[in-house]
Amino acid sequence: MPELPEVETIVRGLRRPLRGRRVRAIEVLRPDLLDTTATRFSSAIVGASFSRVARRGKNLLLHLEAGPNGGRPTRRRPDGAAEPGTLVVNLGMSGRLLVRAPADSAPEPTHPGVRFRLDDGSVLVYHDVRRFGRLRVMDPGALAAWSDCLGPEPLARGFTARALEEALRRSAAPIRSWLLDQRRIAGVGNIYANEALFRARVHPGAPARGIVGGATKRLHRALRAVLREAIDSNGTTLRDYRTARGGEGSYGARLRVYGREGRPCPSCRRPIARVTFGGRSAYFCRSCQPRRIVR
DNA sequence: CGTGCCCCCTGTCAGC
DNA sequence: TGCTGACAGGGGGCAC
């Protein structure tokens with residue numbers, strides 16, 4: 001569910017309330033959300049405090065600093081100093097990360113998976129109905145190796161139209177599938193892939209390597225514009241996604257094709273089509289996004 | 001290696 | 001009203 005704009009919104013909402021907060025206790029209600037035992041997970045975090053909060057693709061990175069007498073570090077350097085770990089959270093389809101202030105009047109989350117009790121009395125709750133999400137603690141080496149497996153950040157300076165064209169050339173996969181592959185670009189999911197392809201007037205089934213010249217430039221611009229605008233709207237809440245404070249994103253009202261099968265194309269008024277491939281729906285306008293690439 | 005398909009899980013909604 | 005099947009923002013594993 002949550003794609004780059006949704007995760008970015010959550011990251012921004014977590015920075016202030018988490019900064020410097022020490023974890024006093026952890027309750028693991030759903031151990032299947034972890035890649036290790038609840039005991040190991042807890043001992044790596046309890047006693048440590050949150051430092052930097054960041055994002056990589058659709059993942060949240062909650063960097064930890066080992067405490068003076070707690071928060072067993074994930075590893076020790078040869079000189080014995082504690083290496084800080086990073087809590088990496090992937091929200092899957094329905095995950096939420098919610099901060100609850102000490103006397104929060106908001107209703108208790110219905111599907112809590114992990115609760116982090118913090119030193120100021122607030123609670124960070126990982127909530128996930130479908131439990132496709134994962135919480136992992138990585139040491140710096142593992143974090144770097146993991147990050148290297150992901151593609152570039154589409155909003156980073158280095159992500160140019162030229163770089164995109166170069167990458168597209170190496171694949172015959174349908175462009176919509178290509179955009180969803182996190183090893184090629186990090187952070188794009190089904191909503192924003194469809195929206196970007198509509199804006200770029202590229203058919204979702206077009207082979208990646210067939211997108212060249214002007215079409216590449218349009219796709220590059222469209223991707224970045226859609227992601228930035230969605231961040232400005234705090235993301236898209238269709239059902240499960242919530243900000244760190246439980247709010248909804250408002251970009252849903254601005255979607256042009258995603259979820260709009262049969263409704264008029266905003267450009268030509270012909271009905272939006274939906275076809276399924278790669279196990280997911282692609283929404284597009286047959287007239288504005290012809291199968292033959294318009295360069 | 002690249003690509004496509006199935007599955008993980010729960011909830012919701014359309015159709016009968 | 002109740003049952004059944006399709007579908008949902010993601011991603012890992014496996015077969016080809």
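Lettering follows sequence order; numbering is per chain, from 1. Side-chain atoms are counted along with the backbone in the values below, which use heavy atoms only and exclude waters and symmetry mates.
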So does A:Gly187 get a backbone contact from the side chain of A:Gln182, meaning a donor-acceptor N/O pair under 3.5 Å? yes
So, A:Phe132 and B:dC9: ring centres less than 5.5 Å apart, planes less than 30° off, yes or no? no
Can a salt bridge be assigned to the pair A:Arg131 and A:Asp32 using a cut-off of 4.0 Å between side-chain N and carboxylate O? yes
For the residue pair A:His111 and A:His127, does the interplanar ring angle fall in the parallel (under 30°), tilted (30 to 60°) or perpendicular (over 60°) class? perpendicular
Any donor-acceptor N/O pair, A:Glu248 side chain to A:Arg242 backbone, under 3.5 Å: no
Nearest-angstrom distance from the residue atom CH2 of A:Trp178 to C1' of B:dG4: 18 Å
Which nucleotide in C:dG9, B:dT3, C:dG11 has an atom nearest any side-chain atom of A:Lys58: C:dG11
A:Val129, nearest nucleotide to its side chain (from C:dA8, B:dT10, C:dG9): B:dT10
A:Asp240 atom CG is separated from B:dG11 atom P, nearest whole Å, by 10 Å
To the nearest angstrom, how far is A:His127 atom NE2 from B:dG11 atom C1'? 12 Å
Out of B:dG4, B:dT12, B:dC9, whichever nucleotide has its closest atom nearest the side chain of A:Ala173: B:dG4
Once you round it to whole Å, what is the distance between P of C:dG10 and CD1 of A:Ile185? 14 Å
Does the base of C:dA8 carry an N or O that pairs as donor and acceptor with the side chain of A:Arg280 under 3.5 Å? no
Interatomic distance where CZ belongs to A:Arg96 and C1' belongs to C:dG10 [whole Å]: 16 Å
Using a distance-only criterion (donor-acceptor N/O pair, under 3.5 Å, no hydrogens), is the base of B:dC9 paired with the side chain of A:Arg130? yes
Could you tell me the separation between the CG atom of A:Leu4 and the P atom of C:dG11, rounded to a whole number of Å? 11 Å
Please determine whether a side-chain nitrogen or oxygen atom of A:Thr236 lies at a distance below 4.0 Å from atom OP1 or OP2 of C:dG9. no
Whole-Å distance, A:Arg183 CZ to B:dG2 P, equals 7 Å
Short side-chain N/O contact from A:Ser171 to OP1 or OP2 of B:dT3, under 4.0 Å: yes
Could you tell me whether the phosphate oxygens of B:dC9, OP1 or OP2, come under 4.0 Å of any side-chain nitrogen or oxygen in A:His111? no
At 4.0 Å (heavy atoms only), tell me whether A:Asn90 reaches a base, stays on the sugar-phosphate, or touches nothing. sugar-phosphate
Can you check the A:Arg274 CZ to C:dG9 C1' distance for me, whole Å? 15 Å
How is A:Tyr258 classified with respect to the nucleic acid when contacts are heavy atoms under 4.0 Å: base, sugar-phosphate, or nothing? sugar-phosphate
Less than 6.0 angstrom separating the ring centers of A:His63 and A:Phe50, yes or no? no
What contact category does A:Arg170 fall into here, base, sugar-phosphate, or nothing, at under 4.0 angstrom with non-hydrogen atoms? nothing
From A:Thr276, A:Asn194, A:Val275, residue fulfilling side chain to side chain contact (heavy atoms under 4.5 Å, CB included) relative to A:Ser281: A:Thr276
If you look at every strand shown and take non-hydrogen atoms under 4.0 Å, does A:Arg184 touch a base, only sugar-phosphate, or nothing? sugar-phosphate
Assign A:Gly279 to base, sugar-phosphate, or nothing according to its heavy-atom contacts below 4.0 angstrom with the strands shown. nothing
Any idea which of B:dG4, C:dG11, C:dG10 is nearest the A:Met93 side chain? C:dG10
Please give the nucleotide sitting opposite B:dC5 as a Watson-Crick or G-U wobble pair, both distances under 3.5 Å, or none. C:dG13
